[in-house]
Number of protein chains: 2
Amino acid sequence: MDQGAARDQVLDAAEELFYGRGIQAVGMDDIRSLSGVSLKRLYQLFATKDRLVEAYLERRDLSWRRRLAEHVETCADPEGRIIAVFDWLERWFAEPGFRGCAWINSFGELGATSATVATQARLHKLAFRRYLEGLTADAGLSRELAGQLLLLAEGAMVTAGILGVTGTAAQARAAARLLLESAARARPTSPAE
Amino acid sequence: MDQGAARDQVLDAAEELFYGRGIQAVGMDDIRSLSGVSLKRLYQLFATKDRLVEAYLERRDLSWRRRLAEHVETCADPEGRIIAVFDWLERWFAEPGFRGCAWINSFGELGATSATVATQARLHKLAFRRYLEGLTADAGLSRELAGQLLLLAEGAMVTAGILGVTGTAAQARAAARLLLESAARARPTSPAE
DNA sequence: CCGTCCGGAGAACGAGCGTTCTCCCTTACC
DNA sequence: GGTAAGGGAGAACGCTCGTTCTCCGGACGG
């Protein structure tokens, strides 16, 4: 087995276990068992558990944002793209094994004691906010709206994780529609539209 | 020192440490050092760490909801009371040592492995949702609105915890006002008001 | 066929921690 | 004053886990 394949298998196992059980609840032995990569190789690839956690969060950040963007791309209308974010959330929440947002969970677990985790969580949320700001800008809408949509999306992730998935994304989407309409009425660039 | 005072001191220490650092990062020795209550007494009061965690979350749930309700009570207008929730969030976020929502953080840390923590988090969020539903009902507004406000409040807590406090509560309040106006326009009980 | 190197399996080590135990001191009662 | 009960300090125990080490087998070069 070559280096790259082993790395992928380790990160696959890490993602499944860290996301599903929490970071501290998963030992390096668990990663080894699930990935089939020996401890020696594991430590050649990632010198410490902390590095592995960092790599897990980084890779998941890229794939999470890519998946979101790919879904949003399927919609051409700038305002529809904003709503599409919440459609995608609904789809994500319904995936088997959904257990809330990996960064919110990691931050709750280790934000106070691990600079790595705190930084990764901040970077991810900043990137998500920037993405929403891009969407609202493309629709000629304010950055304020993006901030409000961020709150709705974060609230939906948390609530779906803790209280369960039923209806949460739809609620968030309905609220997003209202905020979007309200912002469109006051749209700075084309108020008459 | 009598039993009750020792219990209070232990719970005070537990709250400060568990909330500030996370549950797994705090040992029973840390609780003992900060509270000044010996290990023997500590285990007489709480048979296991799990019980202590449960008591911490229960007591904090009561005081958190009491503090919120006390602030909301100061406002007589039913719609003003709804907005007052977000005023109180702003005040809470600004407290020194604010580190997000204790239940969201605990759930992220232990929701997957501890039934105690998962249950406490669900109970707390259910109680908060019920409270918001009471406020919207008092204003003659729909339960749907309460669900949307819950998402905003949860999103604000998470975002304030991870990205920092600046402006988050004000954003949430602005969004809440818009949703409230929109719901008031469609108010089922007194649509003309 | 023999030696050498690489990687795997898992034992070993050391630290941290939940929980219990030991020892000693204080206090209260006869 | 003697004694028993209770509580405090902290050592001890057993377990988990991150990390490293040891040993062995198998592949490859001479």
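The sequence lines fix the lettering, A, B, ..., with proteins before strands; numbering per chain opens at 1.
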> Once you round it to whole Å, what is the distance between C1' of C:dC17 and CG of B:Leu42?
Replying inline: 14 Å

> Can we say B:Glu95 and B:Arg91 salt-bridge, meaning some charged N sits less than 4.0 Å from an Asp/Glu carboxylate O?
Replying inline: no

> Rounded to the nearest Å, what distance is computed from the OH atom of residue B:Tyr43 to the C1' atom of nucleotide D:dG7?
Replying inline: 17 Å

> Of the nucleotides D:dT20, C:dT22, D:dC23, which has the atom closest to the B:Lys40 side chain?
Replying inline: C:dT22

> Below 4.0 angstrom, N of the basic side chain to O of the carboxylate: do B:Arg65 and B:Asp61 qualify?
Replying inline: yes

>> Let's see if you can work this out: which of C:dA11, D:dA9, C:dG7 has an atom nearest to the side-chain heavy atoms of A:Leu39?
In response: C:dA11

>> Between A:Asp87 and A:Arg173, does any NZ, NE, NH1 or NH2 come within less than 4.0 Å of an OD or OE carboxylate oxygen?
In response: yes

>> For B:Glu181 and B:Arg177: C-alpha separation, side-chain torsions, deciding distance, then whether salt bridge (Lys or Arg N to Asp or Glu O under 4.0 Å) applies.
In response: CA-CA 6 Å; B:Glu181 278 170 27; B:Arg177 280 217 178 87; over 6 Å; no

> How are the rings of B:Trp88 and B:Trp64 set to each other: parallel, tilted or perpendicular (split at 30° and 60°)?
Replying inline: perpendicular

>> In this structure, how many angstroms lie between the P atom of D:dC17 and the CD1 atom of A:Ile31, rounded?
In response: 12 Å

>> Among residues 10-28 of chain B, which ones have heavy-atom contacts with DNA chain C below 4.0 Å?
In response: B:Val26, B:Gly27, B:Met28

> If you check the B:Arg41 side chain, which of C:dT19, C:dA11, D:dG7 turns out closest?
Replying inline: D:dG7

>> Quick one about B:Gln24 and B:Glu109 (side-chain donor to acceptor, distance below 3.5 Å, no hydrogens or angles considered), yes or no?
In response: yes

> Which heavy atom of B:Met28 sits nearest a heavy atom of B:Tyr43, and at what distance?
Replying inline: CG-OH, 3.4 Å

> D:dG18 C1' sits how many Å from A:Asp30 CG, rounded?
Replying inline: 12 Å

> So, are B:Asp12 and B:Arg59 salt-bridged, with charged N and O less than 4.0 Å apart?
Replying inline: yes

> Could a donor-acceptor pair under 3.5 angstrom be found where the side chain of A:Arg32 meets the base of C:dG10?
Replying inline: yes

> Out of B:Thr136, B:Val85, B:Leu141, which residue meets the side-chain contact (heavy atoms from CB on, under 4.5 Å) rule with B:Leu149?
Replying inline: B:Thr136

> Which residues, if any, of residues 45-59 of chain B bring a heavy atom under 4.0 Å of DNA chain C?
Replying inline: B:Thr48, B:Lys49

> When the C1' atoms of the five terminal pairs at each end define the local axes, what inter-axis angle does the helix from C:dC1-D:dG30 to C:dC30-D:dG1 show, to 10 degrees?
Replying inline: 20°

> What are the two closest non-hydrogen atoms of B:Arg60 and B:Ala102, and how far apart are they?
Replying inline: NE-CB, 3.4 Å

> Is a side-chain donor or acceptor of A:Thr159 paired with a backbone partner of A:Gly155 at a separation under 3.5 angstrom?
Replying inline: yes

